[in-house]
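This is the structure I want to talk about, given as structure tokens.
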Number of protein chains: 2
Amino acid sequence: MTQAEGGATPRERYRAQVRAEIKERAWEQIATAGASALSLNAIAKQMGMSGPALYRYFRGRDELITELVRDAYRSLADAVGAAAKDGAEVAALAHALREWALADPHRYFLVYGTPVPGYHAPDDITAIASEIMALLLDACAGAVGPADAGATPFGTHLEENREWAGGHPAPPAALHRALAFWTRLHGVLSLELAGHFTGMRFDPAQLFAAEVDALAGPPGARGA
Amino acid sequence: MTQAEGGATPRERYRAQVRAEIKERAWEQIATAGASALSLNAIAKQMGMSGPALYRYFRGRDELITELVRDAYRSLADAVGAAAKDGAEVAALAHALREWALADPHRYFLVYGTPVPGYHAPDDITAIASEIMALLLDACAGAVGPADAGATPFGTHLEENREWAGGHPAPPAALHRALAFWTRLHGVLSLELAGHFTGMRFDPAQLFAAEVDALAGPPGARGA
DNA sequence: GTCCTTGCGTTAGAACCTATAACGAACGCA
DNA sequence: TGCGTTCGTTATAGGTTCTAACGCAAGGAC
């Protein structure tokens with residue numbers, strides 16, 4: 001999208017532009033009907049082209065979706081990164097995450113929703129995921145309270161298996177806090193976005209805020 | 001499945017039996033390829049029938065899936081109910097939930113996974129969901145610690161909007177704890193089942209256990 | 001400016017899918 | 001034994017992804 005004009009040859013520029021427009025339409029479809037309803041045929045028709053033309057630009061439906069997942073991850077990393085720029089408070093990251101999720105629920109589900117059985121994310125996507133995790137670890141390492149001294153059972157387990165942190169020099173309590181941040185906020189967000197709270201009258205934002213509050217306090221609270 | 005033999009007329013018995021077999025095959029397909037790959041045609045072919053025959057038994061793909069969702073909810077309610085029978089410890093419910101989820105991940109995603117845009121669950125399904133919530137509230141109400149006295153901001157918000165608890169006489173702290181139970185354990189389970197922990201070396205079971213531990217302790221810990 | 005190559009978009013078609021319509025046969029009930 | 005309901009069939013319409021083969025047009029080379 002940004003480097004569409006940076007292409008060398010006219011053909012490459014045109015190609016990049018068409019690819020961008022295809023993804024644009026794809027995002028529109030996903031925003032309204034979800035990823036499962038994404039139809040290459042419909043996109044082509046919408047663009048005034050006839051069906052198989054799109055296969056010049058994407059190997060197939062899977063490759064397009066993989067590209068969209070990549071963009072979604074990139075977008076999330078940017079959103080979280082922007083929030084982590086200054087203060088780097090854990091609550092700020094949480095807020096950025098929620099904003100990003102509410103802005104386009106289907107995009108959230110594209111990243112964190114029900115996985116496709118055969119699908120395995122390519123390396124560059126998992127790299128972006130690690131990048132997000134690093135931001136989270138930074139924030140969590142910066143917020144280690146004095147109460148984090150006591151080692152929890154899970155803390156020691158994490159100490160022994162901390163390869164996933166990619167060499168990040170965070171204490172076990174921070175590792176645990178980062179993991180809890182991820183799983184707890186995903187828990188609230190995914191249930192909210194999936195509509196499991198509709199009917200129940202309480203405000204999901206306040207439940208989310210309560211979880212963020214708990215996260216800002218004790219990490220493994222009462223563990224051991 | 002159970003009441004297949006309770007039918008009055010031979011026709012009804014046969015019909016119930018065929019419906020049961022269709023659902024059986026559907027579950028097999030879902031277990032291997034997920035709900036999105038469920039094909040009425042394939043089921044029919046597998047049963048030696050030709051395509052449209054299944055429409056005598058289900059209005060369409062949607063009705064079959066709705067039925068499967070209903071069965072999944074029922075199964076979850078039974079599993080949780082069985083665990084709540086005796087001691088009624090919160091940890092026991094958590095363990096039952098995890099067992100149920102790991103037994104068939106795709107079944108879990110059928111209930112808690114990415115929602116289909118147009119779909120709205122029928123009343124009897126939401127009723128089962130309420131039933132599960134009631135079991136959870138029972139367990140949480142029985143585990144109110146002395147530390148739960150202090151009213152958190154979210155606790156008072158829940159006190160004001162407690163219709164979703166269906167008149168359950170649980171203190172606000174128990175309501176909060178039940179909600180946290182649901183969202184936190186779903187957070188860990190769904191990320192684990194979706195494969196977001198693969199590559200990271202830690203044991204998901206221990207993270208789950210740590211969350212259960214935290215749940216058994218302070219509910220809104222440090223809120224306010 | 002002219003040729004030649006490369007790539008784009010087309011139509012045709014195979015193999016799926018859901019879903020409806022119309023027909024014939026079998027089954028159960030009286 | 002007859003009759004009506006229900007079942008399973010085939011045919012059909014319309015949708016999807018994706019491959020193959022063809023023609024045209026645009027870019028680069030000279």
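Please read all numbers here as calculations on a predicted model, not as lab measurements. Order of the sequence lines sets the chain letters (A, B, ...), proteins ahead of strands, with each chain counted from 1.
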Next on the checklist: Please list, in numerical order, the residues of residues 55-64 of chain A that have a heavy atom closer than 4.0 Å to any atom of DNA chain C.
Outcome noted: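 Within this stretch, Arg56(A), Tyr57(A) sit under 4.0 Å of the strand.
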
Next on the checklist: Are the side chains of Leu93(A) and Phe181(A) in contact, using a 4.5 Å heavy-atom criterion?
Outcome noted: yes

Next on the checklist: Without decimals, in angstroms, what is the distance between Leu54(A) CG and dC18(D) P?
Outcome noted: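 Atom-to-atom, Leu54(A) to dC18(D), this comes out as 11 Å.
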
Checklist entry - For Arg11(B) and dC3(D), what is the distance between atoms CZ and P respectively, to the nearest whole Å? => result 17 Å

Checklist entry - Counting only non-hydrogen atoms, which of residues 29-46 of chain A are less than 4.0 Å from DNA chain C? => result none

Next on the checklist: Side chains of Leu193(B) and Leu102(B), heavy atoms from C-beta outward: is any pair under 4.5 Å?
Outcome noted: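 Yes - at least one pair of side-chain heavy atoms lies under 4.5 Å apart.
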
Item to check | Glu24(A) with Arg19(A): basic N within carboxylate O range, under 4.0 Å | outcome: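 No, Glu24(A) and Arg19(A) are not salt-bridged.
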
Checklist entry - Please give, in whole Å, the distance from dT6(D) C1' to Met49(B) CE? => result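 Value for this atom pair: 14 Å.
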
Checklist entry - Does a salt bridge link Glu192(A) with Arg98(A), judged by any charged N lying under 4.0 Å from a carboxylate O? => result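 So Glu192(A) pairs with Arg98(A) through a salt bridge.
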
Checklist entry - Using 30° and 60° as the class limits, which term best fits the ring planes of His196(B) and Trp182(A): parallel, tilted or perpendicular? => result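 His196(B) vs Trp182(A) ring planes: perpendicular.
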
Checklist entry - Should Ser50(B) be listed as having a side-chain N or O under 4.0 Å from OP1 or OP2 of dT10(D)? => result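 Yes, because at least one side-chain N or O of Ser50(B) sits under 4.0 Å from OP1 or OP2 of dT10(D).
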
Next on the checklist: Contact between Ile43(B) and Glu21(B) at the side-chain level, heavy atoms closer than 4.5 Å - yes or no?
Outcome noted: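 Not touching, per the 4.5 Å side-chain cut-off.
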
Next on the checklist: I want to check one thing: is the phosphate of dG8(D), taken as OP1 and OP2, less than 4.0 Å away from some side-chain N or O of Tyr14(B)?
Outcome noted: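 For dG8(D), OP1/OP2 do have a side-chain N/O of Tyr14(B) under 4.0 Å.
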
Checklist entry - In whole Å, what is the span from the CD1 atom of Ile22(A) to the P atom of dT17(D)? => result 13 Å

Next on the checklist: What range of DNA chain C does chain A touch, first nucleotide to last, counting atoms under 4.0 Å from its heavy atoms?
Outcome noted: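 Terminal contacting nucleotides, 5' to 3': dT6(C) to dA12(C).
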
Checklist entry - Is there a side-chain contact between Trp164(A) and Leu179(A), using heavy atoms and a 4.5 Å cut-off? => result yes

Next on the checklist: A side-chain contact here means heavy atoms from C-beta on lying under 4.5 Å apart; do Arg184(A) and Thr183(B) qualify?
Outcome noted: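 No - every pair of side-chain heavy atoms lies 4.5 Å or more apart.
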
Checklist entry - Could Glu67(B) and Arg74(B) be called an ion pair, given the rule that one side-chain N must be under 4.0 Å from one carboxylate O? => result no

Next on the checklist: Within the structure provided, determine whether Glu28(B) and Gln46(B) are in side-chain contact (heavy-atom separation under 4.5 Å).
Outcome noted: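 In short, these two side chains touch, coming nearer than 4.5 Å.
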
Checklist entry - What do you reckon, are the aromatic ring centroids of His186(B) and Tyr112(B) less than 6.0 Å apart? => result yes

